[in-house]
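Take a look at the structure below.
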Amino acid sequence: MMVSDKIKKIKVGTASCGIAAGADEVLELLRQYVGDITIEEVGCVGHCYAEPLVDVETVDGTVISFQHVPSTVAGVENVLGLGDRGRFTIPAGRRNKELHKVIGLAGKICPTSFEQYVENGGYDGLKKALSMIPQAVIDEVRKSGLRGRGGGGFPTGTKWGFMAAKQAEQKVLICNADEGDPGAFMDRSLMESVPHQLLEGMLIGAYATGATKLFIYCRAEYPLAIKHLSIAIDQIYEKRLNVIAGLELEIVIKEGAGAFVCGEETALIHSLEGKRGTPRFRPPFPTDSGWQDYPTMINNVETLANIPLIVREGGEMFASVGTEGSKGTKLFALAGDLRCPGLVEVPMGITLAEIVFDIGGANPAEVKAVQTGGPSGGCIPVDKFDTPVDYDSLKSLGAIMGSGGMIVIGKQRCMVETARYFLDFTHRESCGKCTFCRVGTKRMFETLERITAGEGVPEDLDFLEEMGNKVRSGSLCGLGQTAPNPVLVTLRYFRSEYESHVREKQCGALVCNALTDVLLDQEKCIKCKLCIKNCPVNAVSEDFVIDNTLCVRCDTCIEICPKKTIYRVKKGEGYYRGQN
Amino acid sequence: MEQTEYDYLKKIAPEPGNLIKGLQAIQAREGYVSDDDIRAAATYFSLAEVEVEGVLSFYAQFKRNPPGKYRICVCDGTACHIKGSALILDWVSTELGIKAGETDAKKLFSLETVACLGCCSLAPVMSINGKVFGNLDRKATVKILKEHRKK
Ligand SMILES: Cc1cc2nc3c(=O)[nH]c(=O)nc-3n(C[C@H](O)[C@H](O)[C@H](O)COP(=O)(O)O)c2cc1C
Ligand code: FES
């Protein structure tokens with residue numbers, strides 16, 4: 001194979017998203033052919049839509065990137081011969097609107113190389129912090145205006161101040177890496193790509209507040225993140241960086257076990273203690289009484305990963321980016337109906353339109369809404385996309401910033417079904433302690449089930465609103481307090497969709513199975529019989545008519561038809577047995 | 001408790017706080033947690049069996065039945081749901097003849113849904129024994145299943 005002599009070094013992105021797209025196979029093939037050129041595994045730069053991504057550093061110092069590299073000999077040959085196929089350049093929208101600070105090193109360095117992190121300024125922040133008095137470190141964090149990135153938005157410097165003021169024989173710092181929002185992957189990306197940056201933030205936090213026992217509570221669905229963190233922790237122990245002010249700090253990774261509510265801080269502590277993860281009433285706040293009754297401070301992954309930058313560059317520098325009430329940059333996990341899903345880092349105050357259209361490459365004509373804040377958040381309609389993204393503006397729309405999950409919802413999706421989805425999630429994840437949360441979310445879910453099944457009545461909408469408000473005020477923890485949001489917000493902005501479900505018994509988006517039929521267009525049909533052969537319930541007759549009495553709306557025929565002659569239509573427009 | 005069978009638990013300190021970790025270790029070896037395992041864990045961590053069961057039933061991760069050789073997790077996180085994960089589940093279910101939560105008679109496949117595998121940018125996705133497959137449509141889904149059946 002022709003290997004260009006211009007190649008100095010090759011980097012392959014092998015974070016989870018890369019691996020899922022086939023990066024491991026590409027890596028293996030590259031290794032077979034490169035000879036003695038160095039190949040490095042790096043984390044995720046955020047361009048998940050272009051994975052597998054390969055960066056080639058040339059002898060003259062330029063970097064040539066390749067996207068969607070196929071795991072074939074020809075694919076690898078194209079890269080090694082520096083062919084023209086699949087060249088990748090960062091789209092202009094992203095280049096102009098993004099600001100990479102927290103993920104500045106992600107995808108550039110090998111996640112498990114201590115040396116590479118240090119060469120790029122890693123642990124300088126810790127060094128600087130150790131040369132200051134703890135209170136000065138806290139002041140710097142306070143000056144930065146950093147607010148918790150886990151969803152609550154509580155000022156981090158203030159929390160650190162509370163913790164530092166506590167006198168106790170032992171204090172505990174927990175990194176919340178539970179990332180429970182199903183549709184978010186900021187924290188995963190950080191842990192996989194720059195584990196040392198998180199650990200540096202934790203060590204600085206421990207020094208500033210006097211914590212000596214450090215936990216990382218990571219969801220079990222993130223094996224690669226856990227692996228990289230474990231390696232990084234071993235390296236820290238080896239370099240004795242965990243000895244701070246003469247005290248030896250212990251850093252322990254604990255895996256979650258699949259419960260959304262365990263992201264809530266008091267539930268998380270119970271889970272860390274080996275118990276059922278039920279939240280408890282606050283106060284006392286964890287900083288007063290947390291893990292085994294010791295003062296305990298909980299910070300999110302992204303919050304902590306910002307700390308080394310704040311200490312290194314100063315709080316004012318950090319605060320120079322963003323808006324009045326929301327400083328710095330924020331990571332968002334962009335997914336859903338858009339061209340360029342992936343991880344993005346933007347200055348606070350940028351508009352939703354800039355994120356969704358300019359950066360995400362979504363087509364404005366095809367977008368209906370964006371969901372922020374996951375199951376606790378809300379769907380913001382496209383006509384509000386000029387809203388700046390900061391804690392307060394999003395709240396005023398009834399949505400929340402949340403931890404950074406951002407799902408773009410296209411016009412072909414049904415908002416009622418989406419609300420049903422979220423309530424299905426929250427009612428199952430409710431720990432059951434508060435009656436309103438346990439029973440109320442279940443009733444709301446059942447009502448939405450009926451509506452999407454075509455059995456709703458107009459009074460259901462009032463019931464949803466009423467019950468939503470009760471669940472909101474009658475629940476102990478954030479799960480119940482926010483669980484009704486997806487319903488209340490969609491009722492506010494997309495009421496007409498609910499109305500057509502309950503009044504006309506129609507789903508305009510043709511998503512709700514009970515409100516749609518499937519039709520085969522006889523005129524375009526080429527009689528290939530693929531639909532007949534593959535229908536699991538034999539709903540397609542020998543003369544190519546789909547019987548909607550039998551059809552289970554599994555879309556198999558729609559996907560399989562080579563001429564796209566089968567599609568969903570409104571209820572009543574399809575054929576039913578006994579009908580002519 | 002047979003001494004030998006649960007020797008691997010000894011790496012974990014027998015404090016009640018480590019119960020979840022212990023159960024994870026058990027499940028990592030056997031793929032599920034059996035009644036015997038519950039008894040063993042209760043003894044090892046000095047807890048009542050009902051306490052162990054209480055913790056076990058709280059967390060979605062723990063399985064009480066042996067899984068198949070290939071553990072299929074269809075993601076039903078928000079991004080995947082929006083992109084049609086319900087259909088993916090349907091197709092897998094039809095192809096394998098089992099519903100979510102079940103294992104087939106030959107113990108080859110088991111099927112479950114999970115909330116987000118963190119690969120939302122490739123939605124819809126599913127994982128088989130931890131390996132993630134993204135950008136699924138019906139054709140890709142069926143092909144992946146057929147390949148695993150042949151293996
Ligand atoms: C139901 C529920 C789930 C939560 N899930 C998470 C989570 O997955 N990750 C997280 O960092 N914070 C989560 N939080 C917020 C935490 O309770 C806590 O506020 C946060 O970890 C504090 O860190 P921060 O100040 O750095 O944001 C959740 C809160 C609630 C009520
Ligand atoms: S929603 Fe399926 S991977 Fe995140």
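Proteins come first, then strands; the chains are lettered A, B, ... in the order of their sequence lines, and each starts at number 1.
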Which bit of [X] is near chain B, if near means a heavy-atom gap under 4.5 Å: side chain, backbone, both or neither?
X         : value
Thr418(A) : side chain
Val261(A) : side chain
Ser189(A) : neither
Cys340(A) : neither
Arg428(A) : neither
Leu343(A) : neither
Ala220(A) : side chain

Where on [X] is there a heavy atom nearer than 4.5 Å to chain A: the side chain, the backbone, both, or neither?
X         : answer
Asn18(B)  : both
Asn135(B) : neither
Leu122(B) : side chain
Ala123(B) : neither

Checklist entry - More than 12 foreign heavy atoms under 6.0 Å from NZ of Lys106(B): is that the case here? => result no
Item to check | Heavy atoms of other groups near Lys227(A) NZ, more than 12 under 6.0 Å | outcome: no
Checklist entry - Can Val132(B) and Ser16(A) be said to form a side-chain contact (heavy atoms from CB on, under 4.5 Å), step by step? => result CA-CA 8 Å; Val132(B) 176; Ser16(A) 294; over 6 Å; no
Please check this pair: side chain of [X] against backbone of [Y], looking for a donor-acceptor N/O pair closer than 3.5 Å.
X         : Y         : value
Tyr59(B)  : Gly256(A) : no
Arg188(A) : Gly118(B) : yes
Tyr421(A) : Thr78(B)  : yes
Glu559(A) : Arg138(B) : yes
Trp91(B)  : Cys554(A) : yes

Checklist entry - In terms of heavy-atom pairs under 4.5 Å with chain B, which of Gly342(A), Gly336(A), Gly277(A), Gly432(A) leads? => result Gly277(A)
Can you tell me how far the [atom1] atom of [X] sits from the [atom2] atom of [Y], to the nearest 0.5 Å?
X         : Y         : atom1 : atom2 : result
Asp181(A) : Cys116(B) : CG    : SG    : 7.5 Å
Glu15(B)  : Gln292(A) : CD    : CD    : 7.5 Å
Asn534(A) : Thr94(B)  : CG    : OG1   : 10.5 Å
Cys120(B) : Ile407(A) : SG    : CD1   : 6.0 Å
Asp555(A) : Ile88(B)  : CG    : CD1   : 10.5 Å

Next on the checklist: Between Glu25(A) and Lys131(B), does any NZ, NE, NH1 or NH2 come within less than 4.0 Å of an OD or OE carboxylate oxygen?
Outcome noted: yes
Checklist entry - So do the side chains of Gln61(B) and Glu221(A) get within less than 4.5 Å of each other, counting heavy atoms only? => result no
